[in-house]
Asker: 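Mind looking over this structure? Questions follow.
Note that the structure is predicted; figures quoted are calculated from it, not measured. Chain identifiers are assigned alphabetically (A, B, ...) following the order of the sequence lines, protein sequences preceding nucleic acid strands; residue numbering begins at 1 within each chain.
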Amino acid sequence: MSDYRKTLNLPKTDFSMRANLPEMETRIQQFWEEIALYREVQALRKGGTQYILHDGPPFSNGDIHLGQALNKVLKDVVVKYKTMRGFDAPFVPGWDNHGLPTEMAAIRTFDIDRHRIHPTELRERSAETARHYVGVQRDQFRRLGVRGDWDSPYLTMDPEYEASVLEVFEKFVEHGCVYRGLKPVHWCPECETALADAELEYGEAASLSVYVRFPVVTVSGDAFGTLPAVGAVSFAVWTTTPWTLPADVAVAVHPDLEYVLVKTPEEHLIMARGLLGDTMSAIGIGQYEVVAAAEGGGLEGSKLRHPFAGREVPVVIADYVTLEQGTGCVHTAPGHGREDFETGQRYGLPTLQPLDGRGVFTEEGGKFAGLSHTEADPKIVDEMAQRGTLMKSEEYRHQYPHCWRCDSPVIFRATKQWFVDLSKFTARALDEVEQVEWVPPWGRLRIRGMVEDRPDWCISRQRVWGIPIPTLYCEECGRELLSLDVIGRAVEAVRKGGSDAWHSTPIEGLVPSGTSCQQCGGSRFRRERDIFDVWFESGSSHAAVLKTRPDLRWPADLYLEGHDQYRGWFQLSLWNALIGQGGRPYDTVLTTGFVLDAEGRKMSKRLGNAIDPQDVVRDLGAEILRLWVSYIDFKEDIPTGHDIFDQVVDGYRRLRNTMRFMLSNLFDFDPDREAVPRTQMREVDRWALDRIARLLERLTGAYEQFEFHQVYHRVHEFCAVDLSQIYLDLLKDRLYTYPPKSPDRRSAQTALWVMATSLAKVLTPILSHTCEEIWQHLPGWEGQERSVQLADWPDLSEWRDEELGERWRQGVVPYFEQADRAVEQLRQRKVARQPMEAELALYCSEEMWQTLVEALGLDELAAASGVSQVRHGGPVEAAPEDAYQAEGNEPMRIAGRRLEDDKCDRCWRRQPSVGTDSRHPGLCARCVEYVTA
RNA sequence: GGGCUCCUAGCUCAGUUGGCUAGAGCGCCGCCCUGAUAAGGCGGAGGUGGCUGGUUCGAGUCCAGCGGGGCCCA
């Protein structure tokens with residue numbers, strides 16, 4: 001009997017069931033290399049409407065992490081989708097080379113002592129590091145299957161790019177919004193250098209904690225009613241850094257907190273009610289009474305006497321004042337604190353800066369001049385004790401930032417920095433924000449908030465690895481010189497020789513002859529050594545990249561980054577483009593959530609819950625990572641974990657095997673010659689095509705809305721339900737047992753071919769490698785593109801059949817589930833252990849029966865029911881007692897019985913006709929006909 | 001502490017303008033098949049919709065508060 005197996009058209013394909021993805025992907029990627037796919041696609045889409053996705057540059061300072069992998073794959077999905085839709089959608093990847101992360105990577109890699117190394121050498125080492133990691137990351141991104149112009153990416157350290165940044169700066173200067181001012185920065189007095197946040201290490205340190213009286217001169221309005229004798233009333237202030245008191249210019253209170261006037265045996269004190277008890281016990285006063293209360297807001301403008309400097313200081317409002325510690329009255333020294341500084345800016349207070357680079361008090365420090373800040377601490381306390389303004393002093397241990405190199409405690413010190421005044425662009429910026437499409441929509445709200453309360457932008461950094469700020473200082477008086485001429489020369493020099501040219505060009509080459517200091521008239525200058533904030537560089541990418549490359553255009557259609565970039569790249573690119581180019585740099589901004597672990601916590605190397613994309617690619621394959629990207633909703637927080645990847649692997653298998661089944665049944669199909677015209681197709685095949693046509697419309701919509709997870713979930717469901725459970729299952733009988741060239745079989749193959757090619761196309765943006773592999777295993781046809789990525793987006797609208805689809809949805813598809821249940825009941829009752837042993841009798845209206853028979857035909861109705869035979873038993877009422885009661889709109893009952901007919905050796909169906917032909921005693925009549933034909 | 005945001009079965013997602021017993025796939029358990037076979041089919045269990053209160057004839061869907069997670073600030 002097994003002889004008949006040879007007469008069947010069993011599926012055949014080289015498309016393996018197990019993918020061995022890592023191996024397959026490299027083979028496919030090699031193929032892409034060979035045909036220069038990126039160029040091919042670009043050439044093909046040349047002339048199409050441009051769609052510019054501008055790549056946000058990652059730092060070139062290490063291997064790519066999962067978030068970056070996610071980001072690039074998403075961009076790849078967008079770009080591939082767009083090109084298949086006919087757009088000219090180039091993808092130019094970029095890297096952010098400058099800045100502290102790379103400088104630190106270089107210091108680590110080369111074990112550099114940054115206090116000894118010459119800046120030029122540190123720049124060289126940093127450049128080397130950056131180049132190295134650009135190469136590493138490029139390979140890693142390519143390994144993910146990301147298609148782009150990898151041969152000519154943009155690098156922020158390219159001289160051309162650097163020159164463009166300086167040109168943007170030039171525009172800023174033209175607008176007159178660049179100025180030099182004071183700003184407190186973390187400063188290491190040992191190393192005498194500014195420190196970035198990343199260079200701080202927090203550790204325990206001892207400080208002097210002091211409670212200090214700020215005697216009241218006047219209190220605003222009648223906040224506390226009638227005050228007792230002035231002079232006997234003080235604001236109680238607490239601080240752990242007495243050495244910052246010489247720079248104090250104000251006391252801050254919270255506008256909404258309640259403040260009280262407290263009477264003690266000796267005096268009256270003012271502090272927050274919420275801290276009254278703590279403060280009193282700290283300063284050792286047991287007997288006191290509250291005599292009046294007022295909201296902090298009402299105290300604004302009160303005048304106090306500095307505890308030892310003699311000057312008057314105002315009471316100001318600040319919402320960062322809390323009840324966690326202290327008295328609720330916060331000592332404010334704009335020169336020594338970031339918040340203090342902003343408060344000072346708001347009130348127009350002076351920024352006192354009495355410390356030099358070594359942390360030693362200058363003349364401005366008055367009687368403390370010459371003392372280091374640590375030496376001054378006790379002296380200041382003594383001074384206040386003598387003047388009677390000290391209430392309490394004690395040692396205090398707390399977490400305090402230390403220098404990462406020398407481990408000494410750092411200080412906050414006001415230094416001169418370059419700023420950009422953004423205030424006059426705020427209205428324009430908000431206007432542009434409204435023009436942009438933010439996805440998801442709440443992005444607008446978020447960026448609006450940031451634009452609205454944006455302080456002036458400090459663009460200078462005291463670092464080495466970056467683009468120099470092309471300004472000068474007078475050698476005589478130290479006054480800065482902002483000159484368009486000088487910037488112009490810098491642009492030219494940098495364009496030729498890179499950033500180093502600014503440092504190496506003789507000063508005469510940078511200073512136009514006749515230049516003189518605006519302040520003292522001096523004619524000798526030295527160059528600025530500070531560099532730009534890296535955000536200024538990357539924020540200029542729209543100009544440096546979009547405006548300079550012929551394959552791109554300004555502004556971009558899309559920026560796509562993590563939602564941390566609202567404050568970062570999105571915002572700073574916006575200001576930069578607004579001031580530099582007069583408009584927004586993007587039309588749409590799409591943001592992704594953050595990659596979290598399975599418990600929803602952030603991923604970090606420290607927690608040890610980070611997943612390395614390189615591991616995923618090596619162990620599971622890039623396709624799994626790509627599928628994961630479309631498995632989750634990337635706009636929300638993104639949960640990850642090995643179990644999630646396992647699920648993605650399962651999902652991949654389902655997709656792959658469904659595709660494999662279709663491919664394997666197309667082994668003898670020639671789409672050019674054997675495709676069956678729509679009118680001659682079996683109805684069930686047309687139903688399947690209507691289903692996929694309908695699916696395709698939804699998928700296209702999902703791509704348009706950047707809802708890629710909808711693509712995955714809908715395709716997966718389609719493969720599992722419409723195909724595996726229903727269509728492919730019922731097709732087997734026809735595909736395997738019918739004569740190879742019979743129109744009925746070709747009809748099925750036509751449908752399979754349309755579905756397979758369409759699915760391969762619509763999944764290409766996501767499963768690029770697998771779809772390419774499918775493409776290579778499909779039966780070839782006239783005009784088939786070399787790569788599926790060169791194909792057009794499928795249009796299956798011709799296969800839509802509204803009437804048929806509706807009829808099936810109502811009257812046919814629901815039957816399948818009912819049949820399954822009826823069969824299950826037979827199995828439960830042990831009527832038939834195997835469904836193929838059974839026959840079903842449907843008890844329903846004649847009309848209902850006709851609908852099913854006309855839709856499927858008797859053979860396929862049985863196949864779809866999973867049994868050997870199906871017949872109409874009669875009206876519902878005629879059904880036997882134990883018949884299954886079908887659910888649904890119309891009444892139907894399904895009875896079943898075990899067939900006594902023999903099983904056909906060929907088609908496995910139990911048919912009465914088995915054995916009627918003496919030549920083939922084991923076959924049913926249908927199989928005899930096919931075999932003898 | 002502030003701005004924005006998220007919280008539906010073990011997991012990832014659906015649920016149209018508030019309206020019938022809240023769905024899918026995966027996973028799990030049981031069965032069948034061995035002509036998709038390191039596949040495939042059938043069935044089953046599994047949800048106080050983060051919690052509390054409110055608006056409404058009716059809320060997963062609207063409002064308020066609380067709890068937990070995330071990003072960015074502080």
Asker: Over how many whole Å does the gap from Ile624(A) atom CD1 to C26(B) atom C1' extend?
Answerer: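 It works out to 14 Å between those atoms.
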Asker: Check step by step if side-chain hydrogen bond (donor to acceptor under 3.5 Å, both in side chains) holds for Arg660(A) and Ser16(A).
Answerer: CA-CA 8 Å; Arg660(A) 179 169 180 271; Ser16(A) 65; over 6 Å; no
Asker: In this structure, how many angstroms lie between the C1' atom of C71(B) and the CE atom of Met450(A), rounded?
Answerer: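 Between C1' of C71(B) and CE of Met450(A): 8 Å.
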Asker: Will you find, in the side chains of Ser865(A) and Tyr815(A), an N or O donor that is under 3.5 Å from an N or O acceptor?
Answerer: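 Result is yes, a qualifying pair exists.
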Asker: Could you state the CZ-P distance from Arg714(A) to A24(B), rounded to the nearest angstrom?
Answerer: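 Going from CZ in Arg714(A) over to P in A24(B) covers 14 Å.
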Asker: Does the ring center of Tyr631(A) lie less than 6.0 Å from the ring center of His709(A)?
Answerer: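 Ring-ring flag for Tyr631(A)/His709(A): false, centres at least 6.0 Å apart.
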Asker: Tell whether Arg660(A) reaches the base of A36(B) with its side chain through a donor-acceptor pair below 3.5 angstrom.
Answerer: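 When only heavy-atom distances are counted, Arg660(A) does not reach the base of A36(B) through any donor-acceptor pair under 3.5 Å.
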Asker: Determine the Euclidean distance between corresponding P atoms of C29(B) and U21(B); express it in Å to zero decimal places.
Answerer: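 Straight-line distance between the two P atoms is 33 Å.
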Asker: Atom CG of Leu728(A) to atom P of C42(B): distance rounded to whole Å?
Answerer: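 Value for this atom pair: 12 Å.
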Asker: Mark yes when over 12 heavy atoms from residues, nucleotides or ligands other than Lys602(A) sit less than 6.0 Å from its NZ; otherwise mark no.
Answerer: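 Result for NZ/Lys602(A): open.
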Asker: In dot-bracket notation, what is the pairing pattern of RNA chain B, taking Watson-Crick (N1-N3 plus N6-O4 or O6-N4) and G-U wobble (N1-O2 and O6-N3) contacts under 3.5 Å, with [ ] crossing and | for other strands?
Answerer: (((((((..((((.....[...)))).(((((.......))))).....(((((..]....)))))))))))).
Asker: Can you say whether a donor on the side chain of Arg827(A) sits under 3.5 Å from an acceptor on the base of C31(B), or the other way round?
Answerer: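 Flag set: donor-acceptor pair detected.
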Asker: Write down the distance between CD (Gln565(A)) and C1' (C72(B)), rounded to a whole number of angstrom.
Answerer: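 Spelled out: CD on Gln565(A) to C1' on C72(B) is 11 Å.
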Asker: Can you check the distance between C6(B) and C42(B), where both ends of the measurement are the C1' atom (answer in whole Å)?
Answerer: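 Pairwise C1' distance, C6(B) against C42(B), rounds to 38 Å.
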Asker: Taking atom C1' in both U52(B) and G60(B), what distance in whole Å separates the two?
Answerer: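 Taking atom C1' in both U52(B) and G60(B), they lie 16 Å apart.
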Asker: Rounding to a whole Å, what distance do you find between Glu837(A):CD and U34(B):P?
Answerer: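 That distance rounds to 10 Å.
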Asker: For Glu636(A) and G70(B), give me the distance from atom CD to atom P, rounded to whole Å.
Answerer: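 Result: 15 Å.
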Asker: Listed by chain and number, what are the side-chain contact (heavy atoms from CB on, under 4.5 Å) partners of Gln834(A), not counting sequence neighbours?
Answerer: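 For Gln834(A) the side-chain contact (heavy atoms from CB on, under 4.5 Å) partners, ignoring immediate neighbours, are Glu837(A).
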Asker: For Trp908(A) and G35(B), is the gap between ring centres under 5.5 Å while the planes differ by less than 30°?
Answerer: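 It does: the ring sits over the base of G35(B).
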Asker: Provide, to the nearest angstrom, the distance between the CD atom belonging to Gln825(A) and the P atom belonging to C42(B).
Answerer: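 Rounded to whole Å, this separation is 17 Å.
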Asker: So what does Gln725(A) touch, heavy atoms closer than 4.0 Å: a base, only the sugar-phosphate, or nothing?
Answerer: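 It contacts sugar-phosphate atoms only.
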Asker: So which heavy atom on Phe669(A) is nearest to which on Trp753(A), and how close?
Answerer: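 In this case the closest contact between Phe669(A) and Trp753(A) is CE2-CB, 3.7 Å.
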Asker: For Phe15(A), does the six-membered ring have the charged nitrogen or CZ of Arg656(A) within the cation-pi criterion, i.e. under 6.0 angstrom from the centroid and within 45° of the normal?
Answerer: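 Yes, Arg656(A) sits over the ring of Phe15(A).
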